[in-house]
Amino acid sequence: MNYTEEYKRSIDHPDQYWMDQSKQLKWDVSPETAYKEVESGIYHWFPDGKLNMSYLCIDRHIEDGYGKEDAIIYDSPVTNTKEHISYNRLNEEVSKLAGGLQSLGLKKGDTVIIYMPMIPQALYSMLACARLGLIHSVVFGGFAPHELALRIEDCKPKAIITASNGIEIERIIPYKPYVDKAIEQSAHKPEHVVIYDRKLGVDIPYKPYDVDYDALVAKSESATPVSVESTHPLYILYTSGTTGKPKGIIRDTGGYATALKYSMKHVYGVEEGDVYWAASDVGWVVGHSYIVYGPLLNRNTTILFEGKPIKTPNASTFWRVISEHKVKVMFTAPTAIRAIKKEDPNGRYIKKYDMSSLKYQFLAGERCDMATLKWTEQHLKVPVIDHWWQTESGWAMLANMVGIERHPVKPGSASFPVCGYNIHILNENGQEVSDDTEGFVCVKLPLPPGCLQNLWGNPERFKAGYLNKFPGYYFSGDGGYRDEDGYVFITGRVDDVINVAGHRLSTAEMEEVVASHPQVAECAVFGVHCDLKGQKPLALVVLKPENTLEHKTISEEIIKEVRHEIGAVASLRDVVVVNRLPKTRSGKILRKLLRNISDDLEYNVPSTIDDVNIISEIEEVFKQYQIGIHKKISF
Ligand code: COA
Ligand code: AMP
């Protein structure tokens, strides 16, 4: 296939292009309409089609004679477990759990929160919801009860499915007590909490809403798939925005299934039956699309890995998994490779394993620096493909589409627009910029199938955040440029969202917690460069004049509180006390200026600044704390 022709077809005739692709699915009612603009800028894909995601991921393959093939390989170095789960077994687990949820009174359209570690029951739960048309919302285990409570209040789940505990290397994470705390904090109370006991000797405090997962499954009848409209929400996935409140991305069913099925072959180059591994977590979009739905739709074997790139037990784990399970395509974040490279700079561990099954290494989640790209290429000896996307898109927006036509890799670029994404780089006035000029990365509407449909309970925020800035376009929140060969380079977020170790976090959310410290008069939290995690948050705080506490004590209290309120994943470890913050004359903190100074970027001093001398003061503080002066990422 020729990429240019294929891409052109997808942009010139999106209706025909995606209608053809939708035929790869088995619909209960085949769609006759490709897409429909239901409101200005909001498009629904295949609005008259009906289908069931769990059927497509499981039953369909059994009907086609592949029931005995591996659907999931659960590899858990933290519990020393390896388990092969066939499509037949997956069917039994999912349909019985779905029967159990039905017996609790759950029905199509109800919402369910899933707060679980990386265990098969997390996947069974997602698929059981999909089987019944329940809308799941998976919450990442690294978030604290307060964050979970925010999500409970927003999506009002009828039930929560959780586990007794998670395991972070050797540390037990008490999931069930976190759920209890979150329910206590939330105004909305779910009717049931279904708990999977991992039988690791962890205490499960009893509450009247508790239901034992195993007992529920044991006494239940299998449930058959419920046919839903293509536009029916499959899930809500909360992601960080520019305010303290996370936003619930709504994903449809039919458009998403079409896009994911297409992406497995065309973006990742895998065929049915291949082993595919996305080393992420089910709590993130990568987990939804490429641990669960994408590979299972495409009848691949998906790897469910409960471990870390290092320390479980060492930097060889990834290579052992690839070699042992014959992984053909792997997907991880550059930060994971940086962690491995730090422990094993010469790639000694890689040489110990037969890596011949691996055809491509994909990277995403954050910008890939040159050193990481080169190290990975040199040691894995396969094409290393950076691709760009986000929770909102649900699948790649920029990629070297190896299943269509592989192009040479240009370091620093995630290559070309994926078919269906009409990408434009615009300036502040909405005009197309010339080659090599940085601008706002946007997608001309309509977005292809698979992308967000709206924000849960907040359509106004959806329009304000994504559609209104450049009418007729979706605004991604990222900056970037296109070079003369058409390669697109993403330069980073243009808002206050940061990316720490491939985890998307909101500085506004952290600021709310920092500002609530009784001794803090005002503060600014923003992302600064980190050699390992790409970015890390830094809090600059101005203390109240009457403060008598030591700065160290205040910093420790703030760090503890952020961990307590947002979760360990927030990774705020640097709090610096300053005399004042740069502001405009009207009193607005100049966060962008702080970001630019810390990143050693060229910047213009805004004409609205109230006192220009503050810049040298801030530079002095950054120098003292070695912030931004050790930038090693280069292209
Ligand atoms: N449940 C509970 N706690 C969690 C968690 C989870 N699921 N995931 C992370 N945490 C905790 C960690 O234990 C750590 O706690 P600590 O501060 O007590 O040590 C904290 O959150 C920060 O975690 P992280 O930012 O991941 O740092 P780390 O030092 O533990 O690990 C890496 C560094 C690079 C090994 C790790 O971040 C990694 O594997 N990143 C890849 C991320 C990824 O795949 N992202 C998906 C996008 S494709
Ligand atoms: P998330 O929604 O958590 O997947 O995070 C999405 C954000 O991560 C994007 O908006 C980008 O800022 C960043 N990102 C993801 N992939 C890449 C990539 N390949 N290159 C640069 N930035 C990326």
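Side chains are part of it too, since the values below use all heavy atoms of this structure and drop only hydrogens, waters and symmetry mates. Just follow the structure's listing: the first ligand is 1, and inside any ligand the first atom is 1. These figures come from a predicted structure and were not determined experimentally.
Under 4.0 angstrom from ligand 2, there are no non-hydrogen atoms of H503. Under 4.0 angstrom from ligand 2, there are no non-hydrogen atoms of W284.
Between H424 and F440, the ring center distance fails the sub-6.0 Å criterion. When ring centroids are compared, Y175 and Y115 come within the 6.0 Å threshold. In this structure, H387 has its ring center closer than 6.0 angstrom to the ring center of Y268. In this structure, the ring of F475 has its center no less than 6.0 angstrom from the ring center of Y466. In this structure, W277 has its ring center closer than 6.0 angstrom to the ring center of F318. Taking the six-membered ring for Trp, Y293 and H288 have ring centres at least 6.0 Å apart.
Distance from atom 8 (O) of ligand 2 to its nearest protein heavy atom, with residue and atom name: N499 ND2, 3.0 Å. Remark: minimum distance from atom 20 (N) of ligand 2 to any protein heavy atom is reached at E366 O, 3.4 Å. Nearest to atom 3 (O) of ligand 2 among the protein's heavy atoms is R504 CB, 3.2 Å. The protein heavy-atom contact nearest to atom 2 (O) of ligand 2 is T391 OG1, 2.5 Å. Given atom 11 (C) of ligand 2, the protein heavy atom at minimum distance is D478 OD2, 3.2 Å.
Because its NZ or CZ atom is both nearer than 6.0 Å to the ring centre of Y256 and within 45° of the ring axis, R251 counts as a cation-pi partner of that residue. In this structure, R151 satisfies the cation-pi test against F143, with its NZ or CZ atom closer than 6.0 Å to the six-membered ring centre and inside 45 degrees of the ring normal.
Enclosure of atom NZ in K444 is not indicated, since only 12 or fewer non-hydrogen atoms of other residues, nucleotides or ligands lie within 6.0 angstrom.
For ligand 2, none of its N or O atoms has an N or O atom of A364 under 3.5 Å away. For ligand 2, none of its N or O atoms has an N or O atom of S476 under 3.5 Å away. Residue E392 places no N or O, backbone or side chain, under 3.5 Å from any N or O of ligand 2. Remark: ligand 2 and R493 share an N or O pair separated by less than 3.5 Å (distance only, no angle test).
Short contacts between ligand 2 and I490, defined as distances under 4.0 Å to a heavy atom of the residue, involve ligand atoms 21 (C), 22 (N). Residue H387 has at least one heavy-atom neighbour below 4.0 Å for each of these atoms of ligand 2: 16 (N), 18 (C), 19 (N). Counting atoms of ligand 2 from 1 in the listed order, those under 4.0 Å from a heavy atom of W389 are 6 (C), 9 (C), 15 (C), 16 (N).
Salt-bridge formation is not detected for the pair D274/K359: no Lys NZ or Arg NE/NH1/NH2 atom is positioned less than 4.0 Å from an Asp or Glu carboxylate oxygen.
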What does the contact table look like for ligand 1 (nitrogen or oxygen on each side, cut-off under 3.5 Å)?
unit_1   : atom_1 : unit_2 : atom_2 : d
ligand 1 : 1 (N)  : G141   : O      : 3.4
ligand 1 : 1 (N)  : G142   : N      : 3.4
ligand 1 : 10 (N) : E168   : OE1    : 3.3
ligand 1 : 13 (O) : E168   : OE1    : 2.5
ligand 1 : 13 (O) : R171   : NH2    : 2.9
ligand 1 : 15 (O) : R171   : NH2    : 3.3
ligand 1 : 17 (O) : R563   : NH1    : 3.1
ligand 1 : 17 (O) : R573   : NH2    : 2.6
ligand 1 : 18 (O) : R171   : NH2    : 3.2
ligand 1 : 18 (O) : R563   : NH1    : 3.4
ligand 1 : 18 (O) : R563   : NH2    : 2.7
ligand 1 : 21 (O) : V569   : N      : 3.4
ligand 1 : 25 (O) : K533   : NZ     : 3.0
ligand 1 : 27 (O) : K533   : NZ     : 2.9
ligand 1 : 44 (O) : A279   : O      : 3.2

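Residue contact annotation: G365 has a non-hydrogen atom under 4.0 Å from ligand 2.
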- In sequence, state the C-alpha distance, the side-chain angles, and the governing distance for V443 and Y473, and then conclude on side-chain contact (heavy atoms from CB on, under 4.5 Å). CA-CA 5 Å; V443 186; Y473 293 86; over 6 Å; no
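Across R338, K341, K533, K374, a single residue satisfies salt bridge (charged side-chain N to carboxylate O under 4.0 Å, His left out) together with D369, and that is R338.
For R461 and T243, the side-chain atoms include at least one donor-acceptor pair closer than 3.5 Å.
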